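Encoded as structure tokens, the structure appears first; notes follow it.
All chains are named by letter (A, B, ...) in the order of the sequence lines, taking the proteins before the strands, and each is independently numbered beginning at 1. Only this structure's heavy atoms are used, side chains among them; waters, hydrogens and symmetry mates stay out. These numbers come from a predicted model, not from an experiment.
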Amino acid sequence: MDLEFEKTIIDIESKIAELQKLSAENKLDLSVQIRELKKRAQAYKERVYDGLTAWQRLQVARHPQRPVLQDFISMMFSGFVELHGDRGIADDRALIGGFATLGDYRVVLVGHNKGKTAEENAERNFGMAKPEGYRKALRLFKLAEKWNLPIITFIDTAGAYPGLEAEERGQAEAIAHNLTEMARIQVPIVTLVSGEGGSGGAIGIGVGDVVLMLTNAVYSVISPEGCASILWRDAEHAPEAAEALKITAKSLLEMGVIDEIVTEPAGGAHRDPTQTAEEVRKALQKHLAVLCAKSVPVLLEERFRKYSGMGRFDS
Amino acid sequence: MDLEFEKTIIDIESKIAELQKLSAENKLDLSVQIRELKKRAQAYKERVYDGLTAWQRLQVARHPQRPVLQDFISMMFSGFVELHGDRGIADDRALIGGFATLGDYRVVLVGHNKGKTAEENAERNFGMAKPEGYRKALRLFKLAEKWNLPIITFIDTAGAYPGLEAEERGQAEAIAHNLTEMARIQVPIVTLVSGEGGSGGAIGIGVGDVVLMLTNAVYSVISPEGCASILWRDAEHAPEAAEALKITAKSLLEMGVIDEIVTEPAGGAHRDPTQTAEEVRKALQKHLAVLCAKSVPVLLEERFRKYSGMGRFDS
Amino acid sequence: MPWFSRSKDKMPAEKKEDIWVRCSACNAHVYKEEWFANLSVCPKCGYHGRLTCDQRLELLLDPGSFTELNASICPNDPLNFVDGKGRYAEKISATIEETGLRESVKTGYGKINAMPVAVAVMDFRFFGGSLGSGTGEKILRAANYAYDFDLPYIIVSASGGARMQEGMYSLMQMAKTCAGIARLNEKKLPYISVLTDPTAGGVSASYAMMGDVNMSEPGALIAFAGRRVIEQTIKQKLPKNFQTAEYLLEHGFLDLIVLRHEMKDRIHQILTYYRAGRTFRN
Amino acid sequence: MPWFSRSKDKMPAEKKEDIWVRCSACNAHVYKEEWFANLSVCPKCGYHGRLTCDQRLELLLDPGSFTELNASICPNDPLNFVDGKGRYAEKISATIEETGLRESVKTGYGKINAMPVAVAVMDFRFFGGSLGSGTGEKILRAANYAYDFDLPYIIVSASGGARMQEGMYSLMQMAKTCAGIARLNEKKLPYISVLTDPTAGGVSASYAMMGDVNMSEPGALIAFAGRRVIEQTIKQKLPKNFQTAEYLLEHGFLDLIVLRHEMKDRIHQILTYYRAGRTFRN
Ligand SMILES: [Zn+2]
Ligand SMILES: [Zn+2]
């Protein structure tokens with residue numbers, strides 16, 4: 001998928017590729033020209049990506065080539081042991097988890113499991129989890145607590161799956177239960193919004209001691225399309241809704257909803273997954289180091305204060 | 001349903017009724033004769049019921065007029081507030097529970113919910129619970145623990161329901177989970193086997209600090225029919241299997257599997273539910289008084305020892 | 001006993017005319033007086049109409065026992081939100097004006113048959129009972145009050161879900177309120193959740209579903225996702241009683257459905273069990 | 001590496017002839033030597049044949065590291081049980097004679113890649129791996145050993161369920177063994193349950209299902225009720241993969257299915273996570 005605002009970037013990139021091909025095939029030295037173009041591309045990417053609107057960032061967050069959890073697992077984590085099932089009804093492929101190792105840290109990793117191919121997305125329901133997914137997550141949180149392992153969660157979902165069976169089996173109960181239990185889980189929780197943070201389905205695994213967001217990730221109480229169709233009575237107004245809802249990492253950092261932005265390479269995570277993963281790794285390790293040094297009572301008290309402080313009102 | 005060994009009892013009882021009718025209609029004084037017959041009936045009942053075989057007691061335990069949980073609730077308990085649902089998928093009508101008051105004791109009551117009519121039994125699946133029933137029970141046990149209320153459980157089931165959905169949703173997991181949690185629930189648990197104690201479906205709510213049994217209740221690792229068809233290769237041998245399996249209250253008391261027999265009136269609970277309920281009430285209150293006086297650590301330690309001591313082996 | 005003192009309270013679910021209330025379930029016309037005397041329950045079909053928070057408090061608490069807390073909290077439009085229909089800030093003022101409320105929940109403490117409790121009662125008239133920052137704040141503070149004074153906590157929900165106009169602050173109220181409930185659990189304090197018509201979205205997916213005991217009234221709509229969204233997603237018709245209290249009971253999410261007339265006594269009865277456990281043994 | 005030292009160990013699931021083993025899944029004839037060298041996994045179709053407890057211990061533990069505990073425990077026929085085919089007491093003697101085992105489980109402690117663990121490994125040859133008093137006693141004692149010495153606990157189940165011949169004593173082993181697991185949970189000690197072919201009835205409905213991590217091997221039968229009983233009850237055909245490890249995984253009851261060749265290393269890997277948490281922070 002080519003995003004409209006990326007056209008020039010893509011043009012320059014293909015020109016670079018052309019020159020590189022030319023240079024190789026004809027043994028020409030075009031390194032100066034290539035370097036020049038690359039610099040230009042970089043500058044352009046930076047400029048474009050700095051100025052993206054909320055709606056544009058949402059497109060980046062939804063980009064089909066954006067790294068998904070499985071990519072982060074292979075790029076950043078070692079020794080991943082996937083643990084399946086909610087011990088009640090099913091193993092939800094839309095939300096997965098298990099033991100994972102990040103440098104010196106052994107953790108329980110839980111995250112939405114978007115796919116990139118049609119096949120993967122069919123199997124993983126586009127990362128939209130059912131109650132059994134949230135209940136599996138809770139089981140793994142409790143296992144982490146029992147084994148005294150920090151928890152890392154990756155958020156990347158359009159939302160909790162709104163289907164008949166999901167309703168029947170208590171999507172509301174499953175999310176509510178997670179929110180309540182996560183508030184008091186006695187190990188550190190670091191959350192990264194890596195792509196789409198879609199409403200209740202996102203926060204259902206998102207009650208972190210620290211909540212990070214990638215530059216172009218979004219996090220929203222409702223999809224801009226849904227908001228527009230309710231408040232503007234027309235889904236076409238989604239770009240305005242996206243702006244109004246303040247769904248970008250930058251806005252949410254200012255609002256105090258998230259704690260830190262993890263910088264994506266200019267041009268977006270889909271242009272350089274490796275570099276993205278490297279930034280994520282550094283950020284996670286930094287925060288794990290801080291959180292793991294805290295005693296359990298301090299950790300829980302600070303978590304309670306953090307969420308107690310969410311919101312702005314008059315009185 | 002008339003049980004074969006009850007024929008003479010029923011004959012005498014109908015003769016008494018006849019004489020009473022005769023006496024009333026004709027203003028005859030037959031009180032001496034009636035008293036004599038009643039005495040004979042009583043003696044006969046006692047003799048027959050003392051000598052029942054295991055197989056015969058099983059028939060009494062399954063008697064369609066035997067009091068079921070709903071009868072005990074209306075006869076013994078006040079202020080029953082039924083609490084529904086497992087908070088996951090369903091409200092199982094085969095296993096119910098809620099708050100209940102027994103004299104001075106406010107408890108959480110949980111039990112299998114057999115019916116007496118075809119309609120009731122269809123709704124309640126003959127007291128054969130599915131995983132959601134056992135999970136509801138666990139939820140109520142946890143509520144009892146949180147609110148510091150003693151637990152009373154009534155066992156009366158042919159077994160956990162052996163159906164496709166039950167297997168799919170983890171009948172094994174649900175029962176196993178209850179056994180594990182009940183071992184450490186921090187409030188007293190008194191269990192009464194009131195009718196049929198059918199295998200895993202029975203013990204799934206049966207890990208009591210004290211386990212009581214009505215005289216004609218049975219409690220078995222497998223139904224005698226099932227045992228006979230496996231070990232005798234013929235279900236017709238069920239009466240022998242019933243004997244061999246030692247399923248009666250008397251045998252189980254001798255074996256140390258149960259703690260006390262609650263005496264049914266001669267002729268069985270179905271002949272006098274009120275008296276039966278009265279005996280049950282006295283027994284439950286007596287044991288609640290003892291258990292509620294114990295500290296939590298003592299309670300748990302004694303429960304652990306009790307179940308640690310189950311079984312006989314050589315070494 | 002006509003127990004509603006403020007007859008100008010708006011009934012959201014009923015069409016009001018001068019002397020009549022038209023039941024939105026059976027369309028019967030009922031004398032207003034009779035309707036209110038019957039606690040806004042239709043005398044013809046038993047339909048439970050919606051209540052204002054004041055009516056609900058009057059229904060649940062002993063007369064004169066309610067003390068409101070944090071009454072001054074109100075929305076402050078942290079996002080400077082403007083949608084197709086105007087500014088959130090203006091709608092706040094208009095809604096405050098119209099309803100006499102300052103947020104979608106009233107909180108405080110009071111007594112149920114002489115038993116002290118902390119309460120939070122939502123009001124659907126205020127932005128559809130949506131979960132604003134102020135709503136979450138008040139619900140958390142009331143939880144903390146229950147925590148500090150060892151009181152049972154009762155929340156009566158009535159909400160369409162999150163308050164979009166406050167963006168992510170609204171979503172965060174789900175975690176914030178549940179954190180309050182989690183602390184009550186740690187202290188083994190009872191929490192009774194009453195899910196009234198309607199309780200949906202971010203409210204059903206947070207504190208409303210987490211009661212030690214979850215109760216509702218007949219026919220109440222209780223949902224996570226909206227019916228239309230689900231139909232669009234799965235492209236099939238939904239069961240007729242889908243997302244009603246009866247459906248939720250059948251599927252294991254409600255402990256009981258209680259008639260409005262019996263609600264107060266039933267909650268009291270349940271709390272007597274809690275009190276018994278509290279005093280019973282160590 | 002032919003790792004089975006005792007070639008006269010009985011393979012319950014395979015028809016044995018002099019030089020061949022016939023795979024009960026694909027009917028292939030495989031040289032006995034090749035079959036055992038491949039850990040009783042069919043080299044043609046991957047079918048995981050059943051193992052004796054000694055073979056399993058050899059597979060899981062570092063060579064020479066196993067110390068057996070409570071080896072002398074054996075059944076004592078507490079019910080004087082006689083069925084259509086004879087006396088339980090006599091069958092006990094015959095089975096002990098035939099298998100060289102004294103109960104349906106071997107317990108003790110040992111090392112997995114140098115990491116100390118407590119273990120219990122069931123053997124289907126001894127009364128179908130059924131849960132006798134001695135079985136439960138040994139499983140509980142091994143749990144208590146893990147508890148006392150702060151060890152991870154690993155149980156490998158292989159059982160048709162309860163042992164009818166011991167009546168209610170057998171049923172009570174379910175509560176007894178789970179009480180042992182519950183105490184490990186309190187002490188936050190890890191318990192890994194390996195459910196091998198077959199794990200059913202009272203064993204699946206007690207300790208076998210309660211692992212912090214539940215794992216199995218491809219194709220293993222794991223069930224609560226028997227297939228025939230279910231078919232008789234619901235009068236309909238069951239799914240083809242019903243009650244296989246794969247079915248259980250899909251329905252959320254297994255954490256993972258592991259090839260036999262990788263089992264030891266996989267358990268070790270999981271335990272390194274436990275060890276990390278143990279030493280990591282307070
Ligand atoms: Zn009506
Ligand atoms: Zn084969």
Side-chain angles (χ1 to χ4, degrees), chain B residues 77-93 95-109 123 130-140 142-151 169 186-188 288-299, chain C residues 113 150 152-153 181-193 195 204-205 208-216 222 224 239 241 244-259 262-282:
Chain B
F77 292 94
S78 61
F80 182 60
V81 182
E82 186 174 353
L83 300 174
H84 295 262
D86 67 343
R87 301 266 172 99
I89 192 142
D91 179 49
D92 193 337
R93 305 305 306 141
L95 207 170
I96 65 166
F99 298 118
T101 303
L102 179 76
D104 289 341
Y105 293 93
R106 285 169 176 266
V107 305
V108 165
L109 173 67
E123 184 223 349
K130 295 184 182 142
E132 48 267 32
Y134 293 98
R135 292 187 180 124
K136 171 169 66 177
L138 179 56
R139 183 174 77 81
L140 298 181
K142 288 289 189 181
L143 178 59
E145 185 176 51
K146 184 182 173 191
W147 287 21
N148 196 29
L149 297 169
I151 294 164
R169 295 179 198 154
Q186 305 198 5
V187 290
L288 284 173
V290 175
L291 292 173
C292 290
K294 294 183 183 185
S295 73
V296 172
V298 168
L299 191 73
Chain C
N113 297 348
D150 276 355
Y153 190 23
I181 302 302
R183 285 212 317 160
L184 295 184
N185 289 339
E186 274 183 2
K187 216 174 173 184
K188 301 194 175 190
L189 288 166
Y191 162 39
I192 294 176
S193 174
L195 300 91
S204 74
M209 205 48 94
M210 291 312 294
D212 288 336
V213 174
N214 288 343
M215 59 172 73
S216 188
I222 304 169
F224 174 66
N241 71 343
T244 60
E246 292 72 15
Y247 180 89
L248 275 275
L249 185 81
E250 194 183 308
H251 285 285
F253 300 104
L254 291 178
D255 286 286
L256 60 176
I257 296 174
V258 179
L259 294 175
E262 300 166 2
M263 180 74 78
K264 179 181 180 179
D265 286 342
R266 189 46 69 104
I267 292 176
H268 173 259
Q269 183 184 27
I270 289 170
L271 291 178
T272 60
Y273 282 94
Y274 164 70
R275 194 177 48 186
R278 190 90 177 174
T279 55
F280 186 50
R281 52 184 280 281
N282 303 325

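From C:Y273, atom OH reaches atom CG of B:L143 across 12.0 Å, with rounding to the nearest 0.5 Å. Between B:R106 atom CZ and C:T279 atom OG1 the span is 9.5 Å, to the nearest 0.5 Å. Here NZ of C:K187 is found 12.5 Å from NZ of B:K146. Values are rounded to the nearest 0.5 Å.
Within the 4.5 angstrom heavy-atom criterion, only backbone atoms of B:V107 (N, CA, C, O) approach chain C. The part of C:L254 that comes within reach of chain B is its backbone (N, CA, C, O), which places non-hydrogen atoms under 4.5 angstrom from that chain. When heavy atoms are compared at a cutoff of 4.5 Å, C:L248 does not approach chain B at all. Looking at C:M209, only its backbone comes within 4.5 Å of chain B, counting heavy atoms on both sides.
Contact detail for C:D255 and B:H84: the closest heavy-atom pair is O-CD2, 2.8 Å. Taking each heavy atom of C:P190 and B:W147 in turn, the nearest pair found is CB-CZ2, 3.2 Å. When every heavy atom of B:E145 is checked against every heavy atom of C:K188, the shortest pair comes out as O-NZ, 4.1 Å. C:R266 and B:V81 make their closest contact through NH1-CG1, 3.9 Å (heavy atoms, listed as atom of the first residue, atom of the second, distance).
Residues forming a ring-ring contact (aromatic ring centres under 6.0 Å, His included) with C:H251 (at least two apart in sequence, or on another chain): C:Y247.
For the options C:L256, C:I257, C:N214, heavy-atom pairs under 4.5 Å to chain B are most numerous at C:N214.
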Kindly indicate, with the supporting measurements, whether the criterion side-chain contact (heavy atoms from CB on, under 4.5 Å) is fulfilled by C:Q269 and B:T101. CA-CA 11 Å; C:Q269 183 184 27; B:T101 303; over 6 Å; no
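Proximity to chain C at a heavy-atom threshold of 4.5 Å picks out B:G85, B:D86, B:R87, B:G88, B:I89, B:A90, B:D91 from residues 85-93 of chain B, in numerical order.
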